[in-house]
There are 2 protein chains.
Amino acid sequence: MLHIVPDIDNSETLTERQKTVLDAALRLLVEEGDDLTMTAVARRASCSKETLYKWFGDRDGLLTATVQWQASKVRVAQVDGKGLGLASLTASLERFACDWLKVISSDTSIALNRVAVGHAGSGKDNLGAVVLENGRFALAKRLKPVLEAGRQAGLLEFADAETAFRTFFGLVGRDVQIRLLLGDRLELTEAAIGGDAIRATQQFLALFGAKTGPQGL
Amino acid sequence: MLHIVPDIDNSETLTERQKTVLDAALRLLVEEGDDLTMTAVARRASCSKETLYKWFGDRDGLLTATVQWQASKVRVAQVDGKGLGLASLTASLERFACDWLKVISSDTSIALNRVAVGHAGSGKDNLGAVVLENGRFALAKRLKPVLEAGRQAGLLEFADAETAFRTFFGLVGRDVQIRLLLGDRLELTEAAIGGDAIRATQQFLALFGAKTGPQGL
DNA sequence: GGCAAGCCGTACCGTACGTTACGGTTCGGC
DNA sequence: GCCGAACCGTAACGTACGGTACGGCTTGCC
């Protein structure tokens with residue numbers, strides 16, 4: 001399993017200059033393919049390779065720092081499950097679906113996932129673990145409390161929150177991520193994403209919605 | 001979109017010797033990461049690099065031929081939608097789900113998808129298109145007639161076969177493929193796959209099954 | 001001012017790998 | 001037996017790139 005990310009917390013220990021360097025690396029990663037070279041990063045960031053090596057150790061360190069830096073930027077707002085009505089639950093689910101679709105269809109996510117997938121194929125799987133931890137598992141960690149609250153309020157019925165989450169994940173993402181990663185053009189407009197979020201939420205509620213209605217009152 | 005695979009049909013124009021070479025490349029791709037070198041392939045296949053270049057042009061040609069060769073091996077049996085009862089429809093869906101889960105969790109598929117994803121990130125997207133065409137789109141092409149037959153028989157209700165298929169795809173695959181590609185260990189036993197196939201099929205039928213029962217009789 | 005630290009730009013080194021070239025061997029056709 | 005084609009094994013070439021070294025510049029501190 002190993003969803004452990006043993007590395008430094010970051011985003012606090014980074015100087016402003018280092019952040020701009022990582023931003024440059026990120027932009028380069030998105031524009032060019034995953035084959036970013038140290039020389040290219042140095043040139044783009046207007047810094048010397050010597051500095052890159054001093055700060056990040058080696059190419060893998062730079063890659064890892066870049067991925068973690070991006071990950072630290074996408075902390076989405078926590079949703080508190082305190083409103084617990086069917087309307088607010090639906091809205092929350094749609095919101096999660098929408099956010100997730102926007103993330104996985106963004107150029108940044110695609111580039112980062114590509115490099116992480118390639119990295120996972122070549123020995124050390126650090127990047128894959130980082131991306132997974134800040135993507136799929138972070139989503140689960142934020143969504144599960146909402147699901148549990150929905151069950152508590154009698155709006156949802158499921159035995160295992162993990163299983164319910166994975167179904168929701170599948171209903172939202174479907175074939176989008178793998179198609180994008182494999183280079184399929186797939187125009188996802190704001191409207192299409194919104195529609196997909198609503199559809200996925202409705203399907204999820206059809207599968208896991210309580211048939212008896214709220215039993216709390 | 002471009003799901004066009006403009007290259008040669010293959011698998012007919014290949015000699016036995018060439019097939020064994022591609023098998024060697026495939027094995028190497030699965031064992032080592034995606035960083036297979038021409039030298040390694042030549043050594044493993046006991047052939048000269050000169051021969052590799054004569055047959056496949058360059059490294060990309062070899063990669064493409066390898067992917068297409070594997071693709072040509074996984075033509076799954078077509079399911080005829082002529083039994084059209086709820087039981088046989090369910091069985092067909094479960095069969096598809098089972099086969100698909102086995103494919104995407106196989107070492108070969110993971111390795112091939114990894115190299116294709118990496119390739120899609122670096123300019124020419126040929127490999128990605130090939131993998132997509134022989135994976136997700138081939139599955140759709142085989143499954144849609146079954147869905148249409150199910151609708152014809154009054155067992156399913158949906159407006160668009162493509163949309164219905166994508167939902168099924170999401171229910172079956174969920175987060176499995178991306179987790180595996182990112183290096184997550186994820187033991188998928190035969191039993192777990194079978195259970196997931198049944199669950200996905202039941203969920204799909206719950207969403208798209210006709211509420212009125214078969215109207216054909 | 002003097003000085004040390006940090007950093008930029010660039011040149012440099014070693015290596016890995018894609019690609020090419022070539023000598024030697026096998027094999028089918030005459 | 002002879003010839004040419006195909007192919008194996010290996011050596012060689014060119015380049016790209018990770019990593020290192022160094023000279024010069026700025027900056028903050030004494």
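Every chain is numbered from 1, with letters handed out A, B, ... down the list of sequences. These figures come from a predicted structure and were not determined experimentally.
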Mind checking side-chain hydrogen bond (donor to acceptor under 3.5 Å, both in side chains) for B:Ser48 and listing every partner two or more places apart, or none if nothing turns up? B:Thr51
Once you round it to whole Å, what is the distance between C1' of D:dG18 and NZ of A:Lys54? 18 Å
For B:Gln177, what residues pass the side-chain hydrogen bond (donor to acceptor under 3.5 Å, both in side chains) criterion, not counting sequence neighbours? none
Name every residue in residues 40-48 of chain B that has at least one heavy atom under 4.0 Å from any atom of DNA chain C, in order of residue number, or write none if there are no such residues. none
Can you sort out the partners of A:Glu32 under salt bridge (charged side-chain N to carboxylate O under 4.0 Å, His left out), two or more places apart, ordered by chain and number? none
For B:Lys54, enumerate each residue passing the salt bridge (charged side-chain N to carboxylate O under 4.0 Å, His left out) test, keeping only those at least two apart in sequence or located in another chain. none
May I ask you to list the residues of residues 111-118 of chain A, by number, that have any heavy atom positioned under 4.0 Å from an atom of DNA chain D? none
Residues in ring pair (Phe, Tyr, Trp, His ring centres under 6.0 Å) contact with A:Phe158, at least two apart in sequence or another chain: none
Residues forming a side-chain hydrogen bond (donor to acceptor under 3.5 Å, both in side chains) with A:Thr20, sequence neighbours excluded: A:Arg17
Got a sec, which residues hit side-chain hydrogen bond (donor to acceptor under 3.5 Å, both in side chains) with B:Arg166, two or more places apart in sequence or on another chain? A:Asp175
A:Trp55 has an atom CH2; how far is it from atom P of C:dA5, in whole Å? 18 Å
Tabulated below should be each protein N or O lying under 3.5 Å from an N or O of nucleotides 17-20 of chain C; please produce it.
residue, atom, partner, partner atom, Å
C:dG18, OP1, B:Arg59, NE, 2.9
C:dG18, OP2, B:Met38, N, 3.0
C:dT19, OP2, B:Tyr53, OH, 3.3
C:dT19, OP2, B:Arg59, N, 3.1
C:dT19, O4, B:Lys49, NZ, 2.3

Pairwise ring-ring contact (aromatic ring centres under 6.0 Å, His included) hits with a residue in residues 28-51 of chain A, at least two apart: none
Test: A:Arg136 and B:Asp184 ion pair at under 4.0 Å: no
Run the salt bridge (charged side-chain N to carboxylate O under 4.0 Å, His left out) test against B:Asp35 and tell me which residues pass, sequence neighbours left out. none
